[in-house]
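Worksheet: the structure to be examined is printed underneath.
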Amino acid sequence: MNKKLRGGIFVFLGACSFGLLSTIVKKAYAQDYNLGEITGSQTLFGTFFLWLIYYLQLNFGIVKKTRKHGFSGQVQKNATKWWKVLFAGTFTGLVGMFYYKCVSLLPASIAIILLMQYLWMSIILDALVFKKKPTRIQILATVVVLIGTIFAGGIFNQTITLNMVGIIYGLLAALSYALFILCSGRVGNDLPVFKKSALMITGSFILTWVVFRPTFLFDGVFISGLYKWGIALALLGTVIPPLFFSIGVPKVGISVGTILSAAELPIAVLSSYFILQEKVQTLQWLGVILILISIIMSNLIKEKK
């Protein structure tokens, strides 16, 4: 198996890991756990796992093996201030809180569609903040995403009733994700990948525990079963994706990596269909395909340039 194919498999599996989150959250809600307990336990285990991995990198020679991929543990001059990376990570906390709240109010297959609106929101933020004029292909991709959203959201399906509050939370999650991309792409790039990830999830951890008091640690909920959901969500949403992306993206390139990471969308819809037994109509699948086409189209042209 050549390096590029192996790298592509890692990126794809990392995206699939992300795609399973909404289904797992739905299952956790079905066990009567609330938003604060779910997000709090996820950030707790996520913070622990990522700092543990970074510690192992520094102390057991793993860094030397990954140095060729640009993830060296060496301390660089003029390194990014830790608090800047911590602040950028608070946006991931907002994504988790808004997205998981959206999942509690809407079908998981609809929630992931709303989250994908970060695609066009990122373009608008780039234009507003950095005066970066969108290209024609970006505008076209945005139009295709919006058309795909109309179909995927089941607007033409009279059997689907959408909760307006859930839609607002989904769009807030997308905006938070766009802000996260805006910040994370510009801070901490000189840091080892897992140190940056650990600092970001720590920022998310702090914000989440400020908003939701971690009473689950003392009332018996954590020990009685919440920890299982926290570990699952931390591994699939916090540990596996950055690990697999850090291995795969350097081998396939950013544009191809972005295309492969879009697998998150169909995996989320498929898991909601097969595991949660949610109804997904033909027009909704068409919408999903249109959104995937917009991602592939914009990144293939970027790769060609």
Side-chain angles (χ1 to χ4, degrees), residues 14-52 89-116 118 163 165-177 179-180 197-198 200-242 264-265 267-269 271-272 275-278:
C16 291
S17 177
F18 266 137
L20 293 171
L21 289 180
S22 57
T23 296
I24 294 176
V25 171
K26 279 282 191 184
K27 288 288 188 181
Y29 279 131
Q31 296 292 318
D32 293 326
Y33 297 112
N34 60 44
L35 177 61
E37 292 166 347
I38 293 170
T39 55
S41 59
Q42 178 183 354
T43 55
L44 171 66
F45 282 110
T47 302
F48 171 75
F49 287 143
L50 285 177
W51 279 115
L52 176 63
T90 60
F91 289 111
T92 63
L94 291 174
V95 173
M97 288 186 282
F98 290 143
Y99 183 51
Y100 291 174
K101 183 63 176 179
C102 175
V103 168
S104 72
L105 299 171
L106 293 172
S109 57
I110 303 297
I112 186 63
I113 298 298
L114 292 171
L115 181 63
M116 295 303 289
Y118 82 87
N163 184 306
V165 176
I167 292 175
I168 292 172
Y169 275 114
L171 294 176
L172 286 173
L175 178 60
S176 300
Y177 194 31
L179 288 169
F180 165 70
S197 296
M200 284 188 168
I201 191 60
T202 302
S204 174
F205 167 78
I206 293 171
L207 176 66
T208 302
W209 281 39
V210 168
V211 176
F212 300 106
R213 291 181 299 173
T215 55
F216 60 83
L217 289 175
F218 313 104
D219 58 13
V221 173
F222 185 74
I223 297 299
S224 65
L226 176 62
Y227 72 92
K228 298 176 183 178
W229 299 102
I231 291 174
L233 289 170
L235 289 175
L236 292 174
T238 306
V239 178
I240 292 176
E264 172 189 356
L265 176 56
I267 292 299
V269 177
S271 63
S272 69
I275 299 175
L276 300 176
Q277 303 298 309
E278 293 181 357

Phe216 side, atom CZ; Ile38 side, atom CD1 - distance, nearest 0.5 Å
11.0 Å
Is there a side-chain contact (heavy atoms from CB on, under 4.5 Å) between Phe49 and Leu235? Walk through the geometry before answering.
CA-CA 8 Å; Phe49 287 143; Leu235 289 175; 4.0 Å; yes
Is a donor on one side and an acceptor on the other found under 3.5 Å between the side chain of Lys26 and the backbone of Val103?
yes
Which label fits Phe205 and Trp209: parallel for a plane angle under 30°, tilted from 30 to 60°, or perpendicular past 60°?
tilted
Kindly say whether Val95 contributes a backbone atom to a donor-acceptor pair with the side chain of Tyr100 at under 3.5 angstrom?
no
is_close_aromatic(Phe91, Phe180), centroid dist under 6.0 Å:
no
Heavy-atom closest pair (Ala174 atom, Leu114 atom, distance to 0.1 Å) is CB-O, 3.4 Å
Would you call Tyr29 and Leu35 a side-chain contact if the rule is heavy atoms closer than 4.5 Å?
yes
dist Leu20:CG -> Ile275:CD1 (nearest 0.5 Å) comes out at 6.5 Å
Where do Lys27 and Trp229 land on the side-chain contact (heavy atoms from CB on, under 4.5 Å) test, with the steps shown first?
CA-CA 9 Å; Lys27 288 288 188 181; Trp229 299 102; 3.4 Å; yes
Any donor-acceptor N/O pair, Thr238 side chain to Gly46 backbone, under 3.5 Å
no
Derivation and outcome, side-chain contact (heavy atoms from CB on, under 4.5 Å), residues Thr90 and Met200:
CA-CA 7 Å; Thr90 60; Met200 284 188 168; over 6 Å; no
Can you find a pair of side-chain heavy atoms, one from Tyr33 and one from Val221, that are under 4.5 Å apart?
yes
Nearest 0.5 angstrom please: Ser22 OG to Ile112 CD1, how far?
6.0 Å
Looking only at heavy atoms, which two atoms of Glu264 and Leu115 are closest? And how far apart?
OE2-CD2, 4.1 Å
Quick one: closest heavy-atom pair of Leu106 and Ile167, and the distance?
CD1-N, 3.7 Å
Please find the pair of heavy atoms, one from Phe45 and one from Gly230, that lie closest to each other, and give the distance.
CD1-C, 3.7 Å
Rounded to the nearest 0.5 Å, the CD1 atom of Ile201 sits from the OG1 atom of Thr47 at a distance of 5.0 Å
Would you indicate whether Phe212, at its atom CZ, is surrounded by more than 12 heavy atoms from other residues, nucleotides or ligands within a distance under 6.0 Å?
yes
Do Met97 and Leu172 have side chains that approach each other closer than 4.5 Å (heavy atoms only, starting at C-beta)?
no
Shortest non-hydrogen separation from Ser17 to Gly237 and the atoms involved:
OG-N, 4.4 Å
With a 6.0 Å cut-off on the ring centroids, do Phe18 and Tyr99 count as close?
no
So which atom in Ala234 and which in Gln42 form the shortest heavy-atom distance, rounded to 0.1 Å?
CB-O, 3.6 Å
Do Glu37 side-chain atoms and Leu226 backbone N/O form a donor-acceptor pair below 3.5 Å?
no
Nearest 0.5 angstrom please: Thr39 OG1 to Leu44 CG, how far?
11.0 Å
Leu50 vs Thr202, side-chain contact (heavy atoms from CB on, under 4.5 Å): CA-CA, chis, key distance, verdict:
CA-CA 9 Å; Leu50 285 177; Thr202 302; over 6 Å; no
Would you compute the distance between atom OG1 of Thr215 and atom CZ of Phe222 and round it to the nearest 0.5 angstrom?
12.5 Å
Identify the residue among Ser272, Ser271, Ser109 that makes a side chain to side chain donor-acceptor pair (under 3.5 Å) with Thr23.
Ser271
Could you check whether any side-chain heavy atom of Ile113 comes within less than 4.5 Å of a side-chain heavy atom of Leu265, counting everything from C-beta outward?
yes
Flag side-chain contact, heavy atom, 4.5 Å: Pro107 against Ile110:
yes
